[in-house]
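What follows is a set of notes on a single structure, which appears directly below.
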Protein chains: 2
Amino acid sequence: MERHATINDVAKRAGVSITTVSRILNNKPDVAPATRQRVLEVIQELDYTPHTQAQNLAAGRSRSIALLYPSESMGFSEMEFEFFVGCAQVAAKAGFLFNLIVNSVTEHGLLNLFRGSQVDGVILMEIHLRDWRVELLRDHDYPFVLIGRCQDNTGLSFIDVDFEYGMMAACEHLFSLGHRHIGFINLTDSLREQDYGPAVRSFWGYERACARFQLPIIYRDSLPTIDALFAATGDLLDAHPDLTGLVTMHCGSLVGVLRAAQKRGLVVPDDLSVMGILTDQIAQLITPPLTAISFPAQAMGSRAMRMLIRKLRDETYQAKQITLKPPLVVRESTGPVRHK
Amino acid sequence: MERHATINDVAKRAGVSITTVSRILNNKPDVAPATRQRVLEVIQELDYTPHTQAQNLAAGRSRSIALLYPSESMGFSEMEFEFFVGCAQVAAKAGFLFNLIVNSVTEHGLLNLFRGSQVDGVILMEIHLRDWRVELLRDHDYPFVLIGRCQDNTGLSFIDVDFEYGMMAACEHLFSLGHRHIGFINLTDSLREQDYGPAVRSFWGYERACARFQLPIIYRDSLPTIDALFAATGDLLDAHPDLTGLVTMHCGSLVGVLRAAQKRGLVVPDDLSVMGILTDQIAQLITPPLTAISFPAQAMGSRAMRMLIRKLRDETYQAKQITLKPPLVVRESTGPVRHK
DNA sequence: TTGTATGCGTTATCAC
DNA sequence: GTGATAACGCATACAA
């Protein structure tokens with residue numbers, strides 16, 4: 001709470017104008033070496049640092065970027081942590097402040113972030129196929145990047161996981177192990193009907209895999225909680241005793257699947273192979289360590305941030321749309337089918 | 001990227017001075033109802049919103065708070081996620097921006113956050129018993145709150161978990177189940193020697209419990225990774241075949257403990273009871289669901305943020321030091337001792 | 001109750 | 001090369 005030296009103090013002490021000091025601070029040309037030297041010394045003496053806030057106001061920017069993550073749906077959120085850290089690391093290295101907004105935002109609130117120069121750009125998470133935030137920001141021509149994507153993505157920058165590919169890859173892995181009755185547990189319909197992209201595309205992937213391998217469609221949906229997945233899995237196993245493989249687009253809560261299997265005396269992977277799509281960290285936490293589609297959350301966060309920052313630096317930067325094909329990591333929850 | 005109405009535009013259009021507009025924006029008294037009415041209408045018409053950044057510069061504040069979380073040690077970080085969300089929610093409700101800084105910060109960098117009015121206050125995580133950041137901020141009289149605490153906490157505001165109590169409670173739980181040979185796995189010495197508080201105090205708790213119940217001290221330390229805990233546990237079990245209970249201050253990586261037990265044919269909890277200190281989310285993810293000291297991460301985050309905001313609002317606000325006694329939640333990893 | 005004038009700490013546009 | 005001076009958009013002591 002002390003009073004700090006300002007650019008004025010420096011200018012006076014060095015016997016130059018604030019303009020010159022400003023030039024030196026911003027590494028602009030056209031300043032005599034001797035002058036620069038002297039001013040730098042004074043800056044040292046006075047322990048002066050520029051007032052970021054004032055710099056930003058004058059320059060018409062904020063040097064900060066917000067991540068909008070509506071957190072209503074808190075689950076096993078190691079994944080979100082990785083998103084955050086990925087974003088935050090890149091932002092800091094580029095000299096940006098990173099703010100995290102987890103409350104749901106109103107239209108007014110979102111616009112005000114930009115109008116008040118609180119942020120230079122935002123990254124959106126939990127994108128719906130039709131998302132009012134996207135339309136709003138696009139209409140106003142504010143810089144933003146999506147983690148996830150919409151139905152119509154023309155002109156948008158996003159980074160997303162190819163859920164369709166992921167689910168297909170999971171099915172293919174099980175198929176190659178000899179499984180011919182592969183169940184699928186998706187996110188509950190109510191969310192799919194709200195156009196939640198990953199749920200929709202995951203189902204497509206499962207459908208396509210079944211079509212290609214000529215497998216029966218064995219399907220349930222479930223809320224993303226352990227209990228719900230426990231119930232859904234039980235239901236599915238009871239209805240389809242011939243099931244030997246199970247794929248889900250759920251994350252941590254799929255331990256409910258494992259417990260449902262265990263309750264019925266099924267050993268994973270001997271009697272039932274199980275797969276999901278989750279971060280390596282969480283997959284390793286589960287018993288048995290889960291063969292899974294590896295969700296590259298941190299990489300997505302950092303790449304989204306990089307895209308946004310490039311966009312901010314370069315007005316002409318073209319929208320970039322990245323769809324990552326997540327790798328499959330084999331661990332211990334899948335194995336060759338064993339006919340009963 | 002449009003040009004927005006300013007307070008000047010509003011003033012002109014309403015035929016008043018900017019002072020009056022400012023008064024109305026800030027809900028100050030002494031403004032005629034009629035005037036207020038008229039100005040508010042103009043604000044509507046022009047779709048005006050105050051420029052937050054300029055407000056902050058003029059008012060000498062930033063209305064934002066940073067959380068400093070040096071993320072070198074990424075583990076199973078659902079816990080950190082909860083800290084973040086706890087902080088972020090409270091900040092947003094109080095009208096503060098929340099920035100997350102995960103990179104390690106230099107002395108200069110930390111000071112500049114304040115000098116440049118980038119933040120009004122900070123919350124520190126990963127506190128060491130002697131922490132240069134604490135001393136620096138205290139010397140400069142900048143507002144901050146700790147999640148965790150130091151050795152000398154005079155005048156500091158912090159919120160912390162009582163690890164000593166937690167470890168004692170864990171031991172007591174096992175003792176009450178009949179266990180008389182309770183091992184302990186702490187964080188590795190190298191970190192303890194760096195004065196990392198939780199490790200130090202956890203060990204105190206274990207020691208005190210052993211003293212009180214007259215138990216032998218059976219102890220190893222380990223890095224917080226699955227592999228390290230697997231190795232440490234194996235080592236401990238081999239050296240002490242009479243071990244029936246195991247307490248650790250580790251979080252997610254304690255699945256290494258469970259796997260070491262499993263490898264030796266020990267069933268948890270029948271042959272070995274295991275406890276840790278972790279969030280409920282992670283405890284439920286583990287198989288078997290873990291009896292654990294429940295780490296109240298989100299509550300700590302929100303309380304820390306509340307403390308800091310009160311401090312910012314009220315200069316006279318006294319330093320508050322909160323040490324939470326985390327509850328013990330019984331799940332399925334502990335049971336009565338079964339003599340071999 | 002309202003308005004004037006000054007300040008917040010910079011950057012940027014000119015002249016010189 | 002360098003320096004006035006005007007923005008940037010708002011808050012606020014003081015005067016009216």
Side-chain angles (χ1 to χ4, degrees), chain A residues 1-40 42-43 46-64 95 112-118 120, chain B residues 1-40 42-43 46-63 95 112-120:
Chain A
M1 310 301 233
E2 317 133 37
R3 198 205 160 277
H4 292 106
T6 72
I7 198 173
N8 245 305
D9 301 330
V10 175
K12 270 181 203 153
R13 181 88 101 102
V16 297
S17 76
I18 60 172
T19 310
T20 303
V21 179
S22 178
R23 278 201 194 88
I24 292 168
L25 290 175
N26 299 298
N27 289 317
K28 305 240 165 155
D30 292 339
V31 41
T35 317
R36 159 166 280 128
Q37 177 65 26
R38 185 154 34 94
V39 171
L40 286 177
V42 173
I43 288 176
L46 266 46
D47 193 23
Y48 163 75
T49 19
H51 193 272
T52 320
Q53 197 175 238
Q55 285 183 311
N56 288 338
L57 175 62
R61 48 166 160 80
S62 73
R63 283 226 184 295
S64 71
N112 278 9
L113 284 177
F114 287 93
R115 296 187 178 178
S117 271
Q118 309 222 74
D120 292 336
Chain B
M1 307 307 233
E2 316 132 40
R3 197 203 161 280
H4 293 104
T6 74
I7 197 173
N8 246 305
D9 302 330
V10 175
K12 270 181 204 153
R13 182 89 102 101
V16 297
S17 75
I18 62 170
T19 310
T20 303
V21 179
S22 177
R23 278 201 193 90
I24 292 168
L25 290 174
N26 299 300
N27 288 317
K28 306 243 163 152
D30 292 339
V31 40
T35 316
R36 160 167 278 126
Q37 177 64 24
R38 184 155 34 95
V39 171
L40 286 177
V42 173
I43 288 177
L46 266 48
D47 193 22
Y48 164 75
T49 19
H51 193 271
T52 320
Q53 196 175 238
Q55 284 183 312
N56 289 338
L57 174 61
R61 49 166 160 76
S62 73
R63 284 230 182 294
N112 278 9
L113 284 177
F114 287 93
R115 297 187 177 178
S117 269
Q118 309 222 75
V119 303
D120 293 336

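Computed from a predicted structure; not experimentally measured. Each chain gets a letter, A, B and so on, in the order its sequence line appears, and its residues count up from 1.
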(request) Identify whether any heavy atom of B:Ser22 sits under 4.0 Å from a base atom; if not, whether one sits that close to sugar-phosphate; answer base, sugar-phosphate or nothing. (result) base
(request) Take atom CZ of A:Arg115 and atom P of D:dC10, then tell me their distance rounded to the nearest Å. (result) 12 Å
(request) Check whether the side chain of B:Arg23 and the base of C:dT1 form a donor-acceptor pair under 3.5 Å. (result) no
(request) Starting from P on D:dC10, measure out to CG on B:Leu25 and report it in whole angstrom. (result) 8 Å
(request) Would you tell me if any nitrogen or oxygen in the side chain of A:Thr35 comes within less than 4.0 Å of OP1 or OP2 on D:dT2? (result) yes
(message) Please confirm whether the shortest side-chain N or O distance from B:Lys28 to OP1 or OP2 of D:dA11 is below 4.0 Å.
(response) no
(request) Figure out the CG/P separation between B:Asn26 and D:dG9, and round it to whole Å. (result) 17 Å
(message) From CD1 of A:Ile7 over to P of C:dG7, roughly how many Å is that when rounded to an integer?
(response) 17 Å
(request) Could you state the atom-to-atom distance from CG of B:Asp30 to P of C:dG3 in whole Å? (result) 13 Å
(request) Find the distance B:Asn8:CG to D:dA11:P and express it as a whole number of Å. (result) 12 Å
(request) Return the value, rounded to whole Å, for the distance between atom CG of A:Leu57 and atom C1' of C:dG7. (result) 13 Å
(message) For C:dG3 and B:Ser17 - does any side-chain N or O of the residue sit under 4.0 Å from the phosphate oxygens OP1/OP2?
(response) yes
(message) Between the base of D:dA4 and the side chain of A:Thr19, is one N or O donor paired with an acceptor at under 3.5 angstrom?
(response) yes
(message) So if I take every side-chain heavy atom of A:His51 and compare against C:dT2, D:dA11, C:dT10, which nucleotide ends up nearest?
(response) C:dT10
(request) Check the distance between D:dC8's P and B:Gln55's CD and give it to me in whole angstrom. (result) 17 Å
(message) Tell me if the side-chain of A:Thr52 makes a donor-acceptor pair with the base of C:dT10, cut-off 3.5 Å, by modelled atom types.
(response) no
